[in-house]
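When reading the values below, keep in mind they use all heavy atoms of this one structure, side chains included, and skip hydrogens, waters and symmetry mates. Order of listing sets the numbers, starting from 1, for every ligand and every atom in it.
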Amino acid sequence: MDKKDIQGFENAALAEHLLQQIRRESRHPVRLMEVCGTHTMAVFRAGIRSLLPETIRLISGPGCPVCVTAQEEIDTFLAMAREEDVIITTFGDLMRVPGTHTSLQQERANGRNIRVVYSPLGALELAVKNPGRKVVFLGVGFETTAPTVAAVILEAEKQKTQNFFVVAAHKRVPPALEALLQSEAVKIDGFLLPGHVSVIIGKKAYTPVMEAHPVPGVICGFEPTDILQGILMLVRQAESGAATLQNAYSRVVNEDGNPKAMGILHRVFEPEDAAWRGLGVIPKSGLKIREAFSRFDARKAIPVTVPESPPPRGCACGQVLTGVLSPPQCALFRKRCTPEDPVGPCMVSSEGTCAAYFRYHMD
Ligand code: SF4
């Protein structure tokens, strides 16, 4: 092994050891999906793909929340932004995501009141300062961010804030795994499961889906050596014919997750069917605001209708998000679609697979 290949690793000796084991033990071709966008970026940043033997193919999954947000939801955000007396608040990575005709960034340039906030609490504070406006927070993310948004809704209720609203567009990871495993087009020999989501939902949350489908799964962290450890555990399972759920991130993730965070989440939200870009409607994969908190539901307070619309023409984000295609297989990659002028969300988000391929010169 060329030691200079792994010099950038924080623990180069451990990385070298893990790589040696992976190379020694991997004999049959496997396709391993890193479900989470943070894993995708960590894999690229550390150059892990180029260090693995040819038998291992890493594919990126639907783990970038901005990327999986359906076109209809993006168009809904934009329609709300055009309503009178509305201030839209969002994390920055949604700003440039193209809707059917425009983006939040373009709407802001057209004079709409759209603010980037760094937390949902920032949106609530803005509502308190602007009592004459309806302040809407765009709730996009997985189980990691949903409890924080739920906590801010509870705080708004405590403060009796009348002008704070949330578009609940959160997604749940386990139903997405189920949808991937049911798809005939998607071929996966093992999942690297997201560490941060697992901190909240716990290892047990994956048990029903992983027991229903005999595919290896390993929860792992985000250091390069965490990822290599997760890959090694998946390779060992695949080579031995095992298909179990393992936790390689037990320093942070336990069986039950974070009961306090999950309690807050379930107090405010309940599961509902949700549309994902690339995966279609997945049963119980979204989170809607419970009736008891419906006065904070932006969809009810600011009803807008958006026509059904296809994804951007020529954009293969749907297939990229399910690992069916890699970004260079999209005809627009690096040509019409670049981070400066993105056609689809997978090129916009900092965790998007197309953006990662572009940034790290993968063709
Ligand atoms: Fe869509 Fe651009 Fe990715 Fe192609 S390269 S799939 S157009 S985001």
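- Considering Y118, F77, F91, F165 in turn, F91 is the only one that fulfils the ring pair (Phe, Tyr, Trp, His ring centres under 6.0 Å) rule with F137.
- Here atom 3 (Fe) of ligand 1 has protein N, O or S atoms under 2.8 Å from it, and they come to 1.
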Would you tabulate the side-chain donor-acceptor contacts of residues 266-273 under 3.5 Å, counting partners in other chains and residues two or more places apart, or write 'none'?
from, atom 1, to, atom 2, distance (Å)
D273, OD1, K284, N, 2.9

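- Relative ring orientation between F44 and Y360 is described as parallel, the plane-to-plane angle staying below 30° on a 0-90° scale split at 30° and 60°.
- A salt bridge between E255 and K203 is present, with a side-chain N of the basic residue lying under 4.0 Å from a carboxylate O of the acidic one.
- In summary, the side chains of Q71 and E308 do not present any donor paired with an acceptor at a separation below 3.5 Å, with no hydrogens or angles considered.
- No side-chain N or O of H213 forms a donor-acceptor pair with one of Q182 less than 3.5 Å apart.
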